[in-house]
K.L.:
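First the structure, which I've put down as structure tokens, then a few questions once you've had a look.
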Protein chains: 2
Amino acid sequence: MTSDSTRATRKGDQTRTLILRTALEQFGEQGYRGASLRDIAARCAISHPGLLYHFPNKQALLMEVLEHRDEVDRAEQASADDTGIDVLRRMVRSASVNQSRPGIVEMFVVVSAESTASDHPAHDYFVERYARLIDEVAQAYRVMRDAEQLVDGVNPLLAARQLIALMDGLQVQWLLDNDGVDMASALREHLQRHIKVSL
Amino acid sequence: MTSDSTRATRKGDQTRTLILRTALEQFGEQGYRGASLRDIAARCAISHPGLLYHFPNKQALLMEVLEHRDEVDRAEQASADDTGIDVLRRMVRSASVNQSRPGIVEMFVVVSAESTASDHPAHDYFVERYARLIDEVAQAYRVMRDAEQLVDGVNPLLAARQLIALMDGLQVQWLLDNDGVDMASALREHLQRHIKVSL
DNA sequence: CCTACCGATCGGTAGG
DNA sequence: CCTACCGATCGGTAGG
């Protein structure tokens, strides 16, 4: 029975994962409103009511795409208990990894921009996401300040906002001109002006 | 005859300007694809074929919205022959002014993000816009380097990309949390780490 | 500038 | 998972 239910789940899970991957691409290329369920479904070789068998509606699909990305990222990072400089190193590492994933970068750039409208289905998600991210990085800066690893006058909260803003802005430039921008080294150079120790 | 044609033009121009302003708002709130000509037209109290009497199609409307903004900005700045530190001061000033124009900020954030897709109608516009902007700021950094006003090791082109990325990223955070971010002072603080002189 | 209309496409449901 | 269908909405045109 275990193997039966496992096998049964597996097929459906594969389709679900394919839909999630395809939807991420399309939300990136066309935006949330611009992407159509029919187009996403066709790319998965199913009908659009077939897609709606797996996800109740378009909003739910978007939210599951976002949450699926977070889960995969969490799994990749392994050590989520980083503190201080390790958090900053992880940001640079993440920028480096992103340079081989234009689809994921585009999706976050486009959907986070759309989500600034307060009636966007992912508005609350991004408000909460930024609050969490800024908090985490600010805390890392605070730990470094207490260890006297920060350049004088660096404000942890402001520096956190600046670092994340820089990362977001570089992604737009990188998407418009892949070869003109090296996101990871631009971040590293910036960080090195904030901290005394070496990254 | 002069006064007749002036009066005749004036009415049409007023409607055109109203449409441009309303379209800017809607492109910001709904994105280019998400905004509808019918909705924009209704907010101007005309029919949507009425709107299409002034603009041949949706793409042309978007392009005219973007160009209209550039014209107004150019007119406001007055002194476009700034060099060196004046260019950086203008960037900070611009961030400060933007903090009273959420509609304009949202429009640029959303449409520039959408435009990273190579088939977006404003793709070429934004590729060209970023190239020009980065060039201008990089040139300002170069002038300052030659005047020995730059902190050691600052690379003009990289610093230009970072400054513009920071500005773009701060706009997203500001749109999501107006009270949590002061774009102008975040920019000023960043710039002061790159230059020896006072802003 | 308007009304009336076009074909295309959308998200979602019924029913199997 | 499918076919068939729904009402709503889209950008754009005809003709005035």
Side-chain angles (χ1 to χ4, degrees), chain A residues 4-5 7-66 110-111 114 117 119-122, chain B residues 4-5 7-66 110-111 114 117 119-122:
Chain A
D4 269 13
S5 82
R7 216 180 303 135
T9 334
R10 214 167 265 161
K11 173 65 187 306
D13 279 358
Q14 277 178 18
T15 305
R16 268 184 66 92
T17 306
L18 176 59
I19 294 172
L20 287 172
R21 270 203 287 258
T22 309
L24 179 139
E25 263 178 43
Q26 290 305 304
F27 288 148
E29 287 178 27
Q30 315 285 340
Y32 170 70
R33 295 187 182 87
S36 85
L37 297 181
R38 279 172 171 83
D39 188 50
I40 295 166
R43 286 165 197 270
C44 298
I46 61 175
S47 66
H48 94 273
L51 188 155
L52 289 168
Y53 167 80
H54 293 279
F55 302 90
N57 55 44
K58 197 181 180 184
Q59 287 196 24
L61 176 59
L62 174 63
M63 295 315 294
E64 294 224 37
V65 164
L66 293 170
V110 171
V111 179
E114 286 183 329
D119 65 339
H120 191 282
Chain B
D4 269 16
S5 83
R7 217 180 304 134
T9 334
R10 215 167 264 161
K11 173 67 186 305
D13 279 359
Q14 277 178 17
T15 305
R16 266 184 67 91
T17 306
L18 176 60
I19 294 172
L20 288 172
R21 269 203 287 259
T22 310
L24 179 139
E25 263 178 43
Q26 290 306 303
F27 288 148
E29 287 178 26
Q30 314 286 340
Y32 169 69
R33 294 185 183 87
S36 85
L37 297 182
R38 278 174 173 80
D39 188 49
I40 295 166
R43 285 166 196 269
C44 299
I46 60 176
S47 66
H48 93 275
L51 189 155
L52 290 168
Y53 167 80
H54 293 279
F55 303 90
N57 54 46
K58 196 181 181 183
Q59 286 196 25
L61 176 59
L62 174 62
M63 295 314 294
E64 294 224 38
V65 164
L66 294 170
V110 171
V111 179
E114 286 183 330
D119 65 340
H120 191 281

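Side chains are part of it too, since the values below use all heavy atoms of this structure and drop only hydrogens, waters and symmetry mates. Per chain, numbering begins at 1; letters A, B, ... match sequence-line order. The structure presented is a predicted model; accordingly, all values stated were derived computationally and were not measured.
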K.L.:
Any stems for DNA chain C, made of 3 or more Watson-Crick or G-U pairs in a row, each with both distances under 3.5 Å?
P.N.:
C:1-16 with D:1-16
K.L.:
Does B:Ser47 make a side-chain N or O approach to OP1 or OP2 of C:dC1 shorter than 4.0 Å?
P.N.:
no
K.L.:
Summarise protein proximity over nucleotides 11-16 of chain D in one line of letters, 5' to 3': B for base, S for sugar-phosphate only, - for none, counting protein heavy atoms closer than 4.0 Å.
P.N.:
BBB---
K.L.:
Without decimals, in angstroms, what is the distance between B:Leu61 CG and D:dC10 P?
P.N.:
15 Å
K.L.:
May I have all residue pairs that pass side-chain hydrogen bond (donor to acceptor under 3.5 Å, both in side chains) and include part of residues 46-57 of chain B, sequence neighbours excluded?
P.N.:
none
K.L.:
For A:Cys44 versus A:Thr22, what's the shortest heavy-atom pair and its separation?
P.N.:
SG-OG1, 3.4 Å
K.L.:
So for atom CZ, which belongs to A:Arg21, do other residues, nucleotides or ligands contribute more than 12 heavy atoms lying within a distance under 6.0 Å?
P.N.:
no
K.L.:
What are the two closest heavy atoms between B:Ala122 and B:Leu66, and how far apart are they?
P.N.:
CB-CD1, 3.9 Å
K.L.:
Can you name the nearest heavy-atom pair linking B:Gly31 to B:Val110, along with the distance?
P.N.:
CA-CG1, 3.6 Å
K.L.:
Show the nearest heavy-atom pair for residues B:Ala35 and B:Gln30, with the distance to one decimal.
P.N.:
N-CB, 3.6 Å
K.L.:
Which of residues 19-31 of chain A sit near DNA chain C, with a heavy atom under 4.0 Å from it?
P.N.:
none
K.L.:
Might you point out which heavy atoms bring A:Ser36 and A:Asp39 nearest each other, and give the distance in Å?
P.N.:
OG-N, 3.0 Å
K.L.:
For B:Ile46 and C:dT3, give me the distance from atom CD1 to atom P, rounded to whole Å.
P.N.:
11 Å
K.L.:
How close do B:Leu37 and B:Leu51 get, counting heavy atoms only, and between which atoms?
P.N.:
O-CD1, 3.9 Å
K.L.:
Please name all residues satisfying ring pair (Phe, Tyr, Trp, His ring centres under 6.0 Å) with B:Tyr32, sequence neighbours left out, ordered by chain then number.
P.N.:
B:Phe27, B:His120
K.L.:
Send over the distance from B:Gln14 CD to C:dC1 C1', rounded to a whole Å.
P.N.:
15 Å
K.L.:
Applying side-chain hydrogen bond (donor to acceptor under 3.5 Å, both in side chains), name anything that partners B:Glu64, two or more places apart in sequence or on another chain.
P.N.:
B:Arg16
